[in-house]
Structure formats: structure tokens, C-alpha cells
Amino acid sequence: MPLRCDLIIRDATLFDGTGGPRATGDVGVSGDRIVAVGDLSAASADREVVATGKALAPGFIDAHTHDDRAVLCGPECLRCKSSQGVTTVVVGNCGVSLAPTRMASRPIPPLDLLGDESWWTYGSFGEYARALERSPPAVNTYALCGHMALRVGAMGGDVMRPARDGEIESMRKRLAEALTEGASGFSTGLWYKPNMNAPTEEVIAVAEPLRAAGGIYVTHMRDEADRVCASIEETLKIGKRVGVPVWISHHKCSMPENYGRSAQTLALIEAAASMQEVAFDMYPYPAGSTVLMPDRLREECKVIVTWSVPHPEMAGKDLAEVARGWNTDRRSAAERLTPAGAITFQMDEEDVRRIMAHPLSVIGSDGIPHDAHPHPRLWGTFPRVLGLYSRQLGLLDLETAIHKMTGRTAALFGMEDRGVLRPGAYADLVLFDPHRVIDRATFEDPIQPSEGIEEVWTNGVPTWRGDSGLTGERPGRLIRRHRAA
Ligand code: ZN
Ligand code: CU
């Protein structure tokens, strides 16, 4: 009997996600799975797509997002991701997760990156998981439980100090519970003011349930500037003491005096990787973005306002320009703007390239989906790596670039049967034009879908079409870390 599929994509250039060489062939899909890869000329399907000259790859996995809320408000909220070919997002990063803590008033920064108190209604991780099930997005969600959400829950408003034993115990319990209810790991954001007060020992004590649950520790480190190496050491120590894999978020060397130091940090990570499981993600821009912190401004670093509660009209403006308009300095202007968000140009393009090209890195956008004038990484990260850094600059070949967005990411996070093109894997797929794919989002005009992404499928269901946009389908699932046997 000839094979009959729901969908066959024919004559595509296949990138299987493993980093191995491209090959021309067909991919057959039935239900939510890939059923055949290779020469399917004897097979037929309900729908056939002829993809001559087009690239077919596993759907991209966004290793670092703040989409905790965006995954709950329908496909429209994640147009920024579907339009890039993303089929899975990792939420709950930098210590910030929407569960398991309810908020009675506006949460302190950086928790408010996800919104005001009206969004903080999930008292347990299970409630969050059920909300996702009731109202799924177009992408799969892989969730981390955030240290800061746990801290605010356990310590009330009093978070500018180390947690006490009873509070640590309560955080540890909440984390253990979250890990049984669908979270795959634990994230910290030790650089942020409230969390800087958490000593290494607090993190180790809270993270303890990860070991039994087979979870992963993910961190926005205590310092990405002068003390970046000490922060890497701290991260490695936490991993060793808890006995779990560690993941360094948005790896960078921040501030002008540290430009060039990625040679040092990458060597340090590489040496550690031979002894313990360590991974890191990066985004392809020399500017970061987070909440606006007036006391952390640096004279040499340009700042663009991304949102402001008291002055929403300033979104998109250079902070220096806002300050001039108000006849004051940048610091006072920043104080008037808060609560607010900002983009800061604080990296060296050479470091960005060295980190991207390093064999151990994977790609994560760190996009912030609810900002009025977001960092362009929200809409542009994946096509930018493919179009600018791979095709135009030749920094990495397409096989490697795709591996860093698919197979490598899935293997490190333990996303079983994802990130690869092979029979039996989930049909998370992206079809794109390798000659045309490019980001269009810029710092001036950041809300721009990319070019060249032709069709995207999540679990076998089309979610995005290049010519007509979102399909409105919501096939995304909550996926959990698979424990290696
Ligand atoms: Zn972060
Ligand atoms: Cu982040």
C-alpha cells in the first residue's frame, strides 16, 4: 500500500536540525508527527506543497523569552514569533514567571515586564498550565519557574534582603510543586536589585528540588559586566552543588570596559562544559533591553525608552532627547519616566559575533512582547541570524545557524522529539526562502514581520503563511523537560 499522508512538502532543501549537511527531499506529515523523510514520490497526501529551492527546517525554538503572558492571549499576541518561524518558546526567564504567585498590586520591577497586577492571577503553576490548555497559543510553551515570583510570594514586600530559612523552605516547596505541575526548571535574575540580595546559598537551597525532578537551572547572572567571570563561576558552582545542568541566559560582556572579554568567558564556559552540563543562549544585537533603572545609566551608552507608565508618549525616544526636552539630565528624566523600560547599547558587535559563532551557543530572542516600542529582537532575531549573519556575513553556515535554533536547543532543554526532521518527531516545521529570509525590525521601527518565512506548522497544524499571516490556529502545547534515562 502506498503511503498516504495529511501533508507532503516536496523537493525542499532539508535542514534536519542536527547540524548535518542539507539534502534535497520530501517530508510527510500525518496528524502531529513527521511520518516520512526522503523520496516520497510513491506517497500521496491531502495537501501537497512543492517547495523547490525552499528550505525546510524544524520549527525554531526561542530559547529565551518573556512570553509568559503572550502565550495566554491568543495567536495574535505572538505574531512576532510565528512570523519568524518560531514554534516553541521558553518562558519564565530571568527569575520572572507569571506563576505561582498572585499579586494584589503592581509587582515590583522587573516582574512588571509581564504586566500589572491584573495578569498575576495564578496562585499555582498548575493553574497556569490549565489556563494554557484552555486557551492555547500557536506555539508550544516550555516553562521555567522564576525565583523572583517565588521570593515575592514567600517574603511579601520585604525582598531587599536574603531570605530566611522558613522563606527558603516555602520557596523550595513551591518550586517542587511547580515542577510536578508542568515547569521544567528554575530561573533566577540575580542582577536585578531585589534578587541581588539573594546569596548563592539561597539559590542553591531553593533550587534543590530540581535534582529529583530532573530540572534545569537557568540564570540571568549576577553580573554580565566587570564580574562576568565570577558570575559564570557562581553559576557553575550552583549547578555542581545542586547536581543539575545550568544555562546562562543571553550571554554577553556588558559595558565598554568589558568589550572583547567574550574570548575569556567562552574559554571559561568551554572548559567547564567538559566537566558539567552548561549551555548558554544569545541574541543577535549589540543592545540589551529591560526595565529602565535610573541608577544604572552609563554616560557612554545610548538609551531608547521602550515604554513608560507616566509618559507613554516617550516610547521610542532617545533618553537624552527626553532629558533635553524636559531641560534636565538623563538620570532625572529616567526617574520621571519610571516605571518604564529601555533599550541600552552596551555591547560590542565583535563579542556578539564571537558568542554567536561559538559552537556551544544557541539563539534566544529575549524579546519583551508587551513593550510599546520593543527592542527589534522581538520580531527579528531568527531571520536576522539566518539572513544577516549566515547568508550576508558568512559568520556561520545555514546548517549551524539552524542547529542553534532547533536540534541543539531541544536536546539541551530535553524537548523530546522536537527540533529535528525525522520520522516520529513532532511536525514543528518552518518553510522559508534561504535567499530572501531577513529581519525587517529595526531600533527605529521595531514592529515589523520578517521577510522570507513562507509557512510555519506547529504539531502538524499551519500557524503562519507568508502571504496571509496568522492562520488563527492554536495547536501549541505545554511541553515538559524529558528526563534522560
Ligand atoms: Zn535577563
Ligand atoms: Cu530575559
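Keep in mind it's a predicted model, so treat the numbers as computed, not measured. Just follow the structure's listing: the first ligand is 1, and inside any ligand the first atom is 1.
When distances to the Cu ion (ligand 2) are checked against a cut-off of 2.8 Å, Cys94 contributes an N, O or S atom below that limit. The distance from the Cu ion (ligand 2) to the nearest N/O/S atom of His66 is under 2.8 Å.
Pairing each heavy atom of Met347 with each of Tyr259, the nearest pair is N-OH, 3.3 Å.
No more than 12 heavy atoms of other residues, nucleotides or ligands shown are found within 6.0 angstrom of CZ on Arg227.
Aromatic ring orientation, Tyr142 versus Phe413: tilted (interplanar angle from 30° to 60°). Classification of the His220-His250 ring pair by plane angle, with boundaries at 30° and 60°, yields perpendicular.
Counted by atom type alone, Thr463 and Ser82 present zero donor-acceptor pairs between their side chains at under 3.5 Å. Side chains of Asn93 and His66: no donor on one and acceptor on the other come within 3.5 Å.
Nearest N/O/S atom of His64 relative to the Cu ion (ligand 2): this is NE2. Taking the Cu ion (ligand 2) as reference, Asp366 places its N/O/S atom OD1 nearest.
Protein contacts to the Zn ion (ligand 1) involving N, O or S atoms at a distance below 2.8 Å are Cys94 SG, His220 ND1, His250 NE2.
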With ring-ring contact (aromatic ring centres under 6.0 Å, His included) as the criterion, how do His375 and Tyr285 come out once you've worked through the C-alpha distance, each side chain's angles and the decisive distance to 0.1 Å? CA-CA 9 Å; His375 187 305; Tyr285 299 85; 5.0 Å; yes
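Geometric assessment of Arg296 against the ring of Trp191 yields a positive cation-pi assignment under the 6.0 Å and 45° thresholds.
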